[in-house]
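One structure is given here, and the rest of the page talks about it.
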Amino acid sequence: MEEDYIRVINITVFGVISWGLIFILLRRIFSNYSFDFSTRIVSALHATVAVVLATLTIQDWSCPVCPTASTSTIQQMETMAFSLSYMIYDLICSHFDQVISIDNAVHHSICILGFVAGLCSRECGSEIVAALWIGEISTPFLNLRVILKEIGYRDTDLNLAADVCFAIIFSLARMVGGPYLVYVTISADSPFLIKAVALGLQLVSAFWFYKILKMMRYKLIKKSIPTENLLG
């Protein structure tokens, strides 16, 4: 048991340092691009690996969030530690950017609280890892749409396709899978803090969903204007 916690601490510390070094390396390689450009690449890298790790921890494919309120496996704890290290790095890194995103800072703080609570109690590994999968599955597309804008593909069909893919995957994951996971977590005999974190993350997701709806409405209206002008 003690060895497991030492391993989790080592993964977290090593991860924070590694993410920082990766970011510094990317800033040197892509020095002509913005601060946000490099953070997006790191974010996409984390999301891709996190989704793979979370998928590999599934114990029962007929019920991916089962067993609920159970003791976390070492694989689940390692996955949580991996993403905990990223959240800590990104929260620190965001303070060096010119624009600080309040909603992103709140999201990361809630995630860190959830990971720490899950690791300390060693409970609800299935639910926390499922939340990680739901939260990160759309992240590569979120970052892709921003990266495309920076490399010159703003207002193109390719950028619109990335926007649509992100919106669809986010909506299905966070606004369909998310509420189900919150229901499962709250219904189970889980620690109160884990239930509060699940609810908090869903509220943040709902806020982002509202922003995404506004963004897509603007994008689609903007895309249709040239066609309407030609017809007129």
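Values below: every heavy atom of this structure, side chains too, minus hydrogens, waters and symmetry copies. Keep in mind it's a predicted model, so treat the numbers as computed, not measured.
Distance check, rounded to the nearest 0.5 Å: CD1 of Ile112 to NE2 of His107 gives 10.5 Å. Taken from OG in Ser38 to CD1 in Ile147, the straight-line distance is 9.5 Å, to the nearest 0.5 Å. Separation of atoms CD1 (Ile186) and CG (Leu181) is listed at 9.5 Å; rounding is to 0.5 Å. Between atom OH of residue Tyr218 and atom CG of residue Asp163 there is a gap of 11.5 Å, rounded to the nearest 0.5 Å. Atoms NE2 and CD1, on His108 and Ile92 in that order, are 11.0 Å from each other to the nearest 0.5 Å. Once rounded to the nearest 0.5 Å, the distance linking CH2 of Trp208 with OG of Ser138 reads 9.0 Å.
A ring-centre distance under 6.0 Å is found for His46 and Phe82. Here the two rings, on Tyr210 and Phe207, have centers that are 6.0 Å apart or farther. Aromatic rings from Phe14 and Trp19 are positioned such that their centres are separated by 6.0 Å or more. No close placement of the Phe115 and Tyr86 rings is indicated, their centers lying 6.0 Å or farther apart.
Between Lys211 and Asp103, some side-chain heavy-atom pair lies under the 4.5 Å cut-off. Here the side chains of Gln76 and Ile128 are not in contact, with every heavy-atom distance at 4.5 Å or above. Annotation: side chain of Gln59 is in contact with side chain of Thr73 (closest heavy-atom distance under 4.5 Å). Side chains of Cys63 and Asp60 form a contact here, defined as non-hydrogen atoms less than 4.5 Å apart. Residues Glu123 and Ser190 are not in side-chain contact: their nearest non-hydrogen atoms beyond the backbone lie 4.5 Å or more apart. When side chains are defined from C-beta on, Phe23 does not count as touching Ile41, because their heavy atoms never get closer than 4.5 Å. Residues Ser171 and Val176 are not in side-chain contact: their nearest non-hydrogen atoms beyond the backbone lie 4.5 Å or more apart. Side-chain contact check for Thr68 versus Thr185: every heavy-atom pair is 4.5 Å or farther apart.
Of the possible donor and acceptor atoms, one in the side chain of Arg27 sits under 3.5 Å from a partner among the backbone N and O of Tyr33. Between the Thr57 side chain and the Ala54 main chain, a donor and an acceptor come within less than 3.5 Å of each other. Not one N or O on the side chain of Lys149 forms a donor-acceptor pair closer than 3.5 Å with the backbone of Arg154. For the pair Glu136 (side chain) and Ser43 (backbone), a donor-acceptor distance under 3.5 Å is absent. Using modelled atom types, no side-chain atom of Asn159 and backbone atom of Leu148 make a donor-acceptor pair closer than 3.5 Å. A donor-acceptor distance shorter than 3.5 angstrom exists from the side chain of Ser126 to the backbone of Pro67, with no hydrogens or angles considered.
Nearest heavy atom pair, residue Ile58 against residue Pro64, reads CG2-CA, 4.0 Å. Closest non-hydrogen pair, Gly20 versus Tyr89, comes out as N-CD1, 3.9 Å. Residue Met175 comes nearest to Ser205 through the heavy atom pair SD-O, 4.1 Å, listed as atom of the first residue, atom of the second, then distance. Taking all atoms of both residues into account, the shortest heavy-atom contact from Ile110 to Val204 is CD1-CG2, 4.0 Å. When every heavy atom of Ile194 is checked against every heavy atom of Gly118, the shortest pair comes out as CD1-N, 3.9 Å. Closest approach of Asn143 and Arg40 over heavy atoms only: OD1-CD, 2.9 Å.
Within the structure, ring-ring contact (aromatic ring centres under 6.0 Å, His included) pairs that include any residue of residues 149-198 comprise Phe166-Phe170 (at least two apart or interchain).
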Practice task
Would you sort out whether Asn104 and Asp90 count as a side chain to side chain contact (heavy atoms under 4.5 Å, CB included), showing the intermediate values?
Solution key: CA-CA 10 Å; Asn104 197 55; Asp90 200 46; 4.0 Å; yes
Exercise for the section: Could you please spell out the steps behind the side chain to side chain contact (heavy atoms under 4.5 Å, CB included) verdict for Ser72 and Met80? Expected result: CA-CA 10 Å; Ser72 303; Met80 285 188 272; 4.0 Å; yes
Practice task
Give the C-alpha distance, both sets of side-chain angles, the deciding distance and a yes or no for side chain to side chain contact (heavy atoms under 4.5 Å, CB included) between Arg7 and Met77.
Solution key: CA-CA 9 Å; Arg7 179 167 176 77; Met77 294 180 68; over 6 Å; no
Practice task
Under the side chain to side chain contact (heavy atoms under 4.5 Å, CB included) rule, what do Asp4 and Arg122 come out as? Steps first, then yes or no, please.
Solution key: CA-CA 10 Å; Asp4 291 345; Arg122 196 165 182 169; 2.9 Å; yes
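Under 3.5 Å, the side chains of Ser34 and Asp36 contain no donor-acceptor pair of N or O atoms.
Linking ILVMFWY residues whenever their side-chain heavy atoms come closer than 4.5 Å, directly or via other members, places Leu160 and Met215 in the same cluster. Residues Leu172 and Ile212 share a hydrophobic cluster, clusters being chains of Ile/Leu/Val/Met/Phe/Trp/Tyr side chains in contact below 4.5 Å. Under the 4.5 Å side-chain heavy-atom criterion for Ile, Leu, Val, Met, Phe, Trp and Tyr, Val116 and Val13 are members of distinct hydrophobic clusters. Cluster membership for Leu158 and Val146, using ILVMFWY side-chain heavy atoms within less than 4.5 angstrom, is not shared. Using a 4.5 Å cut-off between side-chain heavy atoms of Ile, Leu, Val, Met, Phe, Trp and Tyr, with links allowed through other members, Leu45 and Leu25 fall into the same hydrophobic cluster.
Around the CG atom of Asp189, the shell of radius 6.0 Å holds no more than 12 heavy atoms that belong to other residues, nucleotides or ligands.
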